[in-house]
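Only one structure is covered here, and it is reproduced in the block below.
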Amino acid sequence: MCGIVGYSGKADAAPVLLEGLARLEYRGYDSAGIAVLNCGAFSVVKRKGRVDALAEARSLPGHLGIGHTRWATHGAPCERNAHPHVYRNICIVHNGIVENARALRAECEVRGEAFASETDSEVIAHLVAFSYGQRGDLLAAVHAACQKLRGSWAIAVMCSDLPARIVCARMRSPLIVATGKEECLIASDVPAVAAPGRLVYVQEDGEYAQVDGGHVAFYDAALRPVSKRPVACDPHTDLPQKGGFTHFMAKEMSEVPQALLHSAIGEDDRQYLQLFKVLCQTQYIYIVACGTAYHSGLCAKLAFEEFARIPAEVCFASEFRYRTPIFPKNSLVIAVSQSGETADTLAAASLAKACGIRVLAVVNVPHASLTRLADHCVYTDAGREVAVAATKSFQAQLASLYSLAALAAKARGRQAPSLAGLPALARETLAVSQAVRAWTPYFVGARSVFFVGRGADYCAALEGSLKFKEITYLPSEGYPAGELKHGTLALVDASTPVVVVLTCRRLAEKTLNAVHEVSARGANVFLVTNFSCDTGGNVRAGVLLPRCEEAYSPALSVIPLQALAYYVALACGNDPDKPRNLAKSVTVE
Ligand code: M6R
């Protein structure tokens with residue numbers, strides 16, 4: 001989603017901004033721009049499309065600047081709507097959504113102010129310019145403008161009167177400040193600015209920061225100074241490399257075995273005892289998450305119930321945040337998120353906290369907002385995931401969540417199966433999954449595709465379907481195999497590819513009924529299984545995976561589904577790393 005970079009220092013700002021924006025490209029965006037201040041005037045270059053299109057801006061003179069990658073919410077993705085937005089002597093970039101933008105815009109228009117874009121963000125430039133005109137102080141003006149906003153924002157503001165100053169504000173959208181030798185950088189994400197020798201400070205909701213060359217000062221919501229400590233973070237944030245793969249998605253799928261290995265929680269882990277205590281007390285679990293993380297939550301629910309006999313409920317965070325949930329005694333909310341910045345997941349976790357419920361975050365990105373909000377945190381250790389379509393982070397979440405289920409089982413004197421063999425099995429699965437490339441012609445151009453299964457296989461089917469629609473742009477649905485005949489079967493005909501996931505042996509006969517039902521309607525059936533079964537010749541092609549513990553099977557069975565989505569996306573001519581309309585980190589509602 002949108003990204004922010006800012007620079008104040010002795011170096012030329014433009015190359016620093018372009019480098020920072022390039023590091024944020026993985027988040028997904030549809031236009032980009034930078035503004036540099038020189039001799040009291042802003043030079044602004046904005047382009048629809050990729051950061052590369054800003055190359056001409058590299059030579060802009062000036063030591064102060066802000067840049068932005070925009071993921072359109074209000075107004076089409078075009079140059080006019082791209083950030084930065086300039087109004088009079090004020091220049092801003094904004095991440096988030098100003099929910100009351102229409103009303104605020106109307107107020108500005110009453111004053112005779114004209115707008116240059118259709119964005120909600122531009123109104124911030126107008127509000128700041130108005131307040132600055134009254135107060136003559138940029139920090140106070142940004143503060144006054146923020147009092148009028150509803151919604152979410154991370155803002156960086158420059159004023160053409162102030163040659164070294166950027167003022168930042170944050171509410172429900174991440175923002176960090178990095179200080180170096182006689183320079184300060186701001187960004188929406190650590191990788192944009194972290195480098196050896198720089199200190200990174202995380203701005204909290206409601207806080208303000210004022211940057212002047214090498215100096216930064218932080219203020220609370222009432223503009224009282226606050227002192228902050230830098231956070232420890234990996235300074236080696238070079239641009240992510242594809243390491244010989246054509247796409248990040250292919251590279252990240254190949255990293256599934258390591259993700260499984262590193263994300264399992266072992267007895268020697270620092271937080272093992274603390275988590276054990278938390279799970280000892282837990283009698284009810286809510287898992288809140290979005291997208292792929294929601295699917296890992298569905299898999300985990302089965303494991304918590306089966307191994308630990310703890311009732312668990314999985315909720316879309318976007319729904320949960322507006323519920324009035326009933327929390328049974330000793331409830332625990334587990335918030336799962338690769339980025340740790342998903343607005344809905346943060347809101348769901350905040351709701352739980354406000355109700356006095358403990359929150360355990362399962363997050364892949366260090367220092368993410370969710371980790372600071374949660375009472376307890378488990379870092380999945382998948383490494384950086386660049387492709388918008390989540391792959392290795394799904395299996396990493398499974399390894400962490402299955403470990404928690406095993407720990408919860410232990411806390412109740414029960415025993416869950418070991419996860420130790422999964423990484424090696426994942427390696428075997430990656431090898432056999434290459435076969436799905438041959439299935440591609442049956443999927444390209446399909447009107448609709450179904451992914452079906454039962455139990456844990458249904459969870460894998462849901463994730464396979466999400467991956468498929470996300471990067472192929474073909475309609476697909478994940479469905480419980482037993483439910484087809486209750487309505488969805490009406491959609492199946494000879495043009496419908498149906499992927500059946502079947503690793504759950506005890507339900508094999510039942511799942512095979514679905515194979516017969518769809519093939520009787522002429523559908524092409526593709527089977528993902530880990531045992532040989534009699535399909536009555538009704539299967540067009542299949543892939544045989546290594547056997548594993550039934551409850552853990554989605555960690556493997558999703559691999560050929562990820563590969564299928566990837567190959568079909570390539571055959572459709574799509575860029576699997578940057579699917580249209582989607583962003584890696586969904587920081588708005
Ligand atoms: O960063 P999060 O795990 O909170 O993101 C949640 C979803 O936005 C994410 O999983 C999304 O569904 C992926 N693009 C799916 O591949």
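For ligands, and for the atoms within them, numbers begin at 1 and follow the listed sequence. These values consider heavy atoms only, across backbone and side chains, with no hydrogens, waters or symmetry-generated copies.
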Query raised in the report: Quick one: does Val388 get a heavy atom under 4.0 Å from ligand 1?
Result: yes
Query raised in the report: Ala389: heavy atom below 4.0 Å from ligand 1, yes or no?
Result: yes
Query raised in the report: Is the NZ or CZ atom of Arg437 positioned over Tyr566's six-membered ring, under 6.0 angstrom from the centre and within 45° of the axis?
Result: no
Query raised in the report: Taking side chain as C-beta onward, heavy atoms only, is Val378 less than 4.5 Å from Gln271?
Result: yes
Do [X] and [Y] get their side chains close enough for a donor-acceptor pair, meaning under 3.5 Å?
{"X": "Thr503", "Y": "Asp457", "answer": "yes"}
{"X": "Glu341", "Y": "Ser585", "answer": "no"}
{"X": "Arg170", "Y": "Ser369", "answer": "yes"}
{"X": "Gln397", "Y": "Ser296", "answer": "yes"}

Query raised in the report: Going from CG on Leu474 to CZ on Phe468, what distance comes out if it is rounded to the nearest 0.5 angstrom?
Result: 5.0 Å
Report summary line: Here the atoms of ligand 1 under 4.0 Å from any heavy atom belonging to Lys467 are 15 (C), 16 (O)
Report task. Output the list of atoms in ligand 1 that are nearer than 4.0 Å to some heavy atom of Ser337, sorted by atom number. Result -> 1 (O), 2 (P), 3 (O), 4 (O)
[atom]: nearest protein contact (heavy atom, Å):
{"atom": "atom 8 (O) of ligand 1", "result": "Val586 CG2, 3.9 Å"}
{"atom": "atom 14 (N) of ligand 1", "result": "Glu470 OE2, 2.5 Å"}
{"atom": "atom 5 (O) of ligand 1", "result": "Thr342 OG1, 3.5 Å"}
{"atom": "atom 7 (C) of ligand 1", "result": "Cys290 O, 3.7 Å"}
{"atom": "atom 15 (C) of ligand 1", "result": "Thr292 OG1, 3.0 Å"}
{"atom": "atom 3 (O) of ligand 1", "result": "Gln338 N, 2.7 Å"}
{"atom": "atom 1 (O) of ligand 1", "result": "Ser339 OG, 2.6 Å"}

Query raised in the report: Relative to each other, are the rings of Phe320 and Phe327 parallel, tilted or perpendicular (30° and 60° limits)?
Result: perpendicular
Query raised in the report: Side chain, backbone, both or neither: which part of Glu341 comes within less than 4.0 Å of ligand 1 when only heavy atoms are counted?
Result: neither
Query raised in the report: Purely on distance, is any nitrogen or oxygen of Ala583 under 3.5 Å from one on ligand 1?
Result: no
Query raised in the report: salt bridge (charged side-chain N to carboxylate O under 4.0 Å, His left out) between Asp30 and Arg580: does it pass, once the steps are laid out?
Result: CA-CA 9 Å; Asp30 38 48; Arg580 68 182 184 200; over 6 Å; no
